[in-house]
Amino acid sequence: MTDNKNQTPEKKETPFFRSYEDRKIMDLQEGFAATNQLADLQMARPETEPPTVCDDGETPLTDDLFQPAEYDAANAERIGYSNYSYWGSTLRVFLKSKVSVGILIFLVLILAFTFIQPYLPNQHDPYVVNNDELGATLRNQKPDSVFWFGTNALGQDLWSRIWQGTRTSLIIALCAAASSMMLGIVMGCAWGYARKFDWLFTEIYNLFDNIPYTILRMLLIYIMRPSIGTMILVMCLTGWLPMSKYIRNMILIYRDREFNLASRCLGTSSFQIIVKNILPQLVSVIMLQTALAIPNAIGSEVFLTYIGLGLPVNIPSLGNLVDEGRKVMLVEAQRYQLIFPLLMVSAITVSFYALGNAFADASDPRNHR
């Protein structure tokens, strides 16, 4: 038998990680014991901070200097209310410019007088050939108290023919502008928002845009019978292209904005997003393009008549009047037949152009205060 007493007990080797943990525990216990001096903490007094004073540097800042604000529900609603109106702000910005207001008044007076001129007293018929007391035709009569703008080579009153031609050209221009606005908005919205049909609208646009507008209009008028309806149809077929391009480019900018993404997440239909979210952002572009379409249509009508593809000669229009005056422009005594129609064309085109730019600037929300 072996003697157990003489046997030395085997020492358990403490693992390295175990001894490390024990040492950390001991350090923590010593730290807790050193900081657990409640008597010392109770005896210690915190240092008093210097009192805060007012802006004068002397008066101490105390609670009695403050008065609690009372909550008023009516005032709270009044503060959160905004009386901002888009069209009201647009009108205020537009009316601030005296030049724009003057152009608007001038243009309104011209348009109003254009349509009421036939009903005024002492007005001559634009189609009647005028004769003197002896029955002789009053050809190329200079402006006088009877014929304010003189007569043309046929003896017709140039004053009445200019206003009749202005009515004809304005009807064509207004119809072309209205169609370009409607077709341009519809095609531009569909082109910019419907990604699946982008290729189709791009091909349609390229089909019309690759052919110069003037040549396309010349071909269409040459094929069809010249008339007011033909001129309006030709203007409508090509007038929507610039409008649709601008609308499409602007919709691509606004389509994926945060407020549109939020509307789609809330289940708003695409039609409502276009009408309520996107189109109000494009009012300035639409109004500018519409205003510019009117002088463009008048200029196209004058040019087509100048090259012999405009309205028939028996229909007074600004294009026909300019073409008739061009034929006698080298005769100094008959240059008035070109000057008066040119002045009317210039007044209308420049007025619409300036008015369109002014209204586009006024309708931009960034100019609102």
Side-chain angles (χ1 to χ4, degrees), residues 90-91 94-127 143-152 156-181 228 231-232 235 239 287-306 310-311 315-326 335-363:
T90 300
L91 184 61
F94 180 81
L95 294 178
K96 285 182 180 179
S97 176
K98 296 181 180 180
V99 177
S100 302
V101 175
I103 294 174
L104 177 62
I105 295 174
F106 173 75
L107 191 58
V108 169
L109 291 176
I110 287 183
L111 296 179
F113 189 81
T114 300
F115 290 96
I116 67 175
Q117 180 268 334
Y119 306 100
L120 297 177
N122 301 324
Q123 299 296 315
H124 298 276
D125 193 329
Y127 299 97
D144 53 21
S145 60
V146 179
F147 302 102
W148 296 343
F149 283 0
T151 60
N152 60 6
Q156 298 169 331
D157 181 36
L158 193 59
W159 166 268
S160 300
R161 289 184 65 82
I162 285 179
W163 292 111
Q164 177 67 29
T166 304
R167 284 193 295 273
T168 303
S169 298
L170 282 177
I171 290 173
I172 296 174
L174 292 175
C175 292
S179 66
S180 66
M181 181 180 66
I228 296 179
M231 188 69 68
I232 293 175
M235 298 289 181
M287 297 306 299
L288 177 61
Q289 293 299 317
T290 304
L292 295 181
I294 296 176
N296 288 338
I298 294 176
S300 297
E301 188 268 330
V302 172
F303 176 76
L304 291 173
T305 306
Y306 176 79
L311 297 176
I315 300 178
S317 67
L318 292 178
N320 281 332
L321 294 173
V322 171
D323 185 57
E324 292 176 2
R326 176 188 60 85
R335 286 178 183 172
Y336 65 89
Q337 299 185 28
L338 177 64
I339 294 175
F340 290 125
L342 283 180
L343 289 176
M344 182 61 69
V345 172
S346 301
I348 293 177
T349 54
V350 172
S351 297
F352 272 109
Y353 177 78
L355 189 65
N357 282 316
F359 191 81
D361 293 337
S363 60

Intermediate values then yes/no, side chain to side chain contact (heavy atoms under 4.5 Å, CB included), Ser300 and Met235: CA-CA 9 Å; Ser300 297; Met235 298 289 181; 3.5 Å; yes

Test side chain to side chain contact (heavy atoms under 4.5 Å, CB included) applied to Trp148 and Leu158, step by step: CA-CA 8 Å; Trp148 296 343; Leu158 193 59; over 6 Å; no

Stepwise side chain to side chain contact (heavy atoms under 4.5 Å, CB included) check, Gln164 with Tyr127: CA-CA 10 Å; Gln164 177 67 29; Tyr127 299 97; 3.8 Å; yes

Chi angles and distances behind the side chain to side chain contact (heavy atoms under 4.5 Å, CB included) call for Leu304, Leu311: CA-CA 8 Å; Leu304 291 173; Leu311 297 176; over 6 Å; no

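Atom OG in Ser169 sits 8.0 Å away from atom CG in Leu321 (nearest 0.5 Å). Once rounded to the nearest 0.5 Å, the distance linking CG of Leu91 with CG of Leu95 reads 4.0 Å. Cys175 contributes atom SG, which lies 4.0 Å from atom CD1 of Ile232 (distance to the nearest 0.5 angstrom). Remark: Tyr336 OH to Asn152 CG distance equals 8.0 Å, nearest 0.5 Å.
Under the 3.5 Å distance criterion, with hydrogens and angles disregarded, no donor-acceptor pair is assigned to the side chains of Gln337 and Glu324. Ser317 and Glu301 share a side-chain donor-acceptor pair at under 3.5 Å.
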Extract all donor-acceptor atom pairs below 3.5 Å that involve side chains of residues 340-354 and protein atoms in other chains or at least two apart in sequence.
from	atom 1	to	atom 2	distance (Å)
Ser346	OG	Leu342	O	2.8
Thr349	OG1	Val345	O	2.8
Thr349	OG1	Ser346	O	3.2
Ser351	OG	Ala347	O	2.5

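Partners of Phe94 under the ring pair (Phe, Tyr, Trp, His ring centres under 6.0 Å) rule, at least two apart in sequence or in another chain, do not exist in this structure. In this view, Thr168 satisfies the side-chain hydrogen bond (donor to acceptor under 3.5 Å, both in side chains) rule with no residue, not counting sequence neighbours.
Of all heavy-atom pairs spanning Thr290 and Ala177, the tightest one is O-CB, 3.9 Å.
Side-chain atoms of Leu170 and Ile298, non-hydrogen and from C-beta on, do get closer than 4.5 Å to each other. For the pair Val322/Thr305, no side-chain contact is recorded, criterion being any heavy-atom separation below 4.5 Å from C-beta on. By the 4.5 Å heavy-atom criterion applied to side chains, Gln123 and Gln117 are counted as neighbours.
Between Phe147 and Trp159, the distance separating the two ring centers is not shorter than 6.0 angstrom.
Residue Phe115 places its CZ atom among more than 12 non-hydrogen atoms of other residues, nucleotides or ligands, all under 6.0 Å distant.
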